[in-house]
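Notes for the one structure printed next.
Note on naming: letters A, B, ... go to the chains in the order of the sequence lines (proteins, then strands), and numbering restarts at 1 for each one.
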Amino acid sequence: MNVIQTEEGILLQDIEHFHPGHIFECGQAFRWNWDGTGYTGVVQNKVLRIFQRGRHVLLQDASLEDYHILWKHYFDLDKDYGLIKKSLSRDRILAKAMEYGWGIRILNQDPFETLISFIISSNNGIKRIKGIIENLSKRFGEKISWKGREVFRFPKAESLAAASIEDLLSCGCGYRAPYVKKTASMVADGKLDLDRLKKCQYEEAFELLLTCSGVGPKVADCVLLFSLEKGEAFPIDVWIKRIMVALYFGREVSAKELKAFAAERFGPLAGIAQQYLFYYARERKIGQKKQRDG
DNA sequence: AAACAGGAACCAC
DNA sequence: GTGGTTCCTGTT
């Protein structure tokens, strides 16, 4: 891959293992929206439009400086996905899954945003999750002017900690409103140091995350995988459970058994394996109760 | 319009 | 530590 600056922005020339659609539609991020030609997203204080251009990817209007201090890490461009795929392709099922979702990457997102987003995700579908996060950002996040439009950052911990339950309810949080407020307070008060979790081992970070209100095993694993660089995290929700039952087990299994299976079979690559399987199964409609039209 | 989808809290045991 | 029930709201 070559990184070159053009009049349009940063062009990632001949980039491999990268496809915006795969990256943003596998359930790891909630603030990227498809508009027919590209995706637009809000990350920290930046708004980015990203396009696939044949073998290249364009980060529209991005500067070289932003690429180096933000996007490179955000899109996990230091990691060798060729190597990851080579290792995982010994598993025949994953080999197929990786053919489908060849452009998936695990994003390195902001830990606080990821924590709150996945608390909201519990007992919710992606569409509604996105709506709630947008509402929270509009109400409690800082405004960014972008191309004459108003866009809002994801709120700071302090802002959500100070929010009233009533306001959180009006954003659509439902019964998760107190979870959001309590967990935001823990972060704002320094009782939970998210930066420190990055340096912790998986197990310790997992246990610490479970002390947050609204955070159980699934949410903790999502935060660990999508924002704290813990590749061994294997989030188990109803979807991945159905998929694994359909593709690997052929019988009902407990979450505990699934987690052990993933750890043994995929080890430190369990998280990325999960993403490939999730995307593949959703595209192929494997393991779903009802078949939807596409 | 009643039923359903979706993780974690909470309370029994 | 396991099992059953409840939480909220948009969709069908």
Residues of residues 109-135 of chain A with a heavy atom under 4.0 Å from any atom of DNA chain B, listed by number, are A:Ser122, A:Asn123, A:Asn124
Spacing between [X] atom [atom1] and [N] atom [atom2], to the nearest angstrom:
X: A:Arg176; N: C:dT9; atom1: CZ; atom2: P; result: 8 Å
X: A:Leu169; N: C:dC7; atom1: CG; atom2: P; result: 14 Å
X: A:Ile236; N: B:dG6; atom1: CD1; atom2: C1'; result: 16 Å
X: A:Tyr175; N: B:dA5; atom1: OH; atom2: P; result: 14 Å

Taken in chain and number order and not counting sequence neighbours, the residues that satisfy side chain to side chain donor-acceptor pair (under 3.5 Å) with A:Asn108 are A:Asp76
State whether A:Trp239 places a side-chain N or O below 4.0 Å from either non-bridging phosphate oxygen (OP1 or OP2) of B:dA5. no
Under the 3.5 angstrom rule, does the side chain of A:Glu232 hit a backbone N or O of A:Leu269 as a donor-acceptor pair? no
Numerically ordered, the residues 177-192 of chain A set in heavy-atom contact under 4.0 Å with DNA chain C is none
Joining Ile, Leu, Val, Met, Phe, Trp and Tyr whenever any side-chain heavy atoms lie under 4.5 Å apart, the cluster holding A:Phe51 also takes in A:Ile4, A:Leu11, A:Leu58
Students often mix this up, so state it plainly: with edges at 30° and 60°, are the rings of [X] and [Y] parallel, tilted or perpendicular?
X: A:Tyr74; Y: A:Trp71; result: perpendicular
X: A:Phe266; Y: A:Phe261; result: perpendicular
X: A:Phe112; Y: A:Phe154; result: perpendicular

Quiz item: So what does A:Cys212 hit on the nucleic acid, given a heavy-atom distance under 4.0 Å: a base, only sugar-phosphate, or nothing?
Solution: sugar-phosphate
Quick note, salt bridge (Lys or Arg N to Asp or Glu O under 4.0 Å) partners involving residues 271-281 of chain A, not counting sequence neighbours, are none
query = Counting only heavy atoms not in A:Lys96, do more than 12 sit closer than 6.0 Å to its NZ atom?
reply = no
Q) Could you go step by step and tell me if A:His19 and A:Trp102 meet the ring pair (Phe, Tyr, Trp, His ring centres under 6.0 Å) rule? A) CA-CA 8 Å; A:His19 188 273; A:Trp102 56 268; 5.4 Å; yes
Angle separating the five-pair end axes of the helix from B:dA2-C:dT12 to B:dC13-C:dG1, nearest 10°, is 40°
Tightest non-hydrogen contact, residues A:Ala184 and A:Ala161, listed as CB-N, 3.6 Å
Pi-cation contact, A:Phe140 with A:Lys181 (under 6.0 Å, within 45°):
no
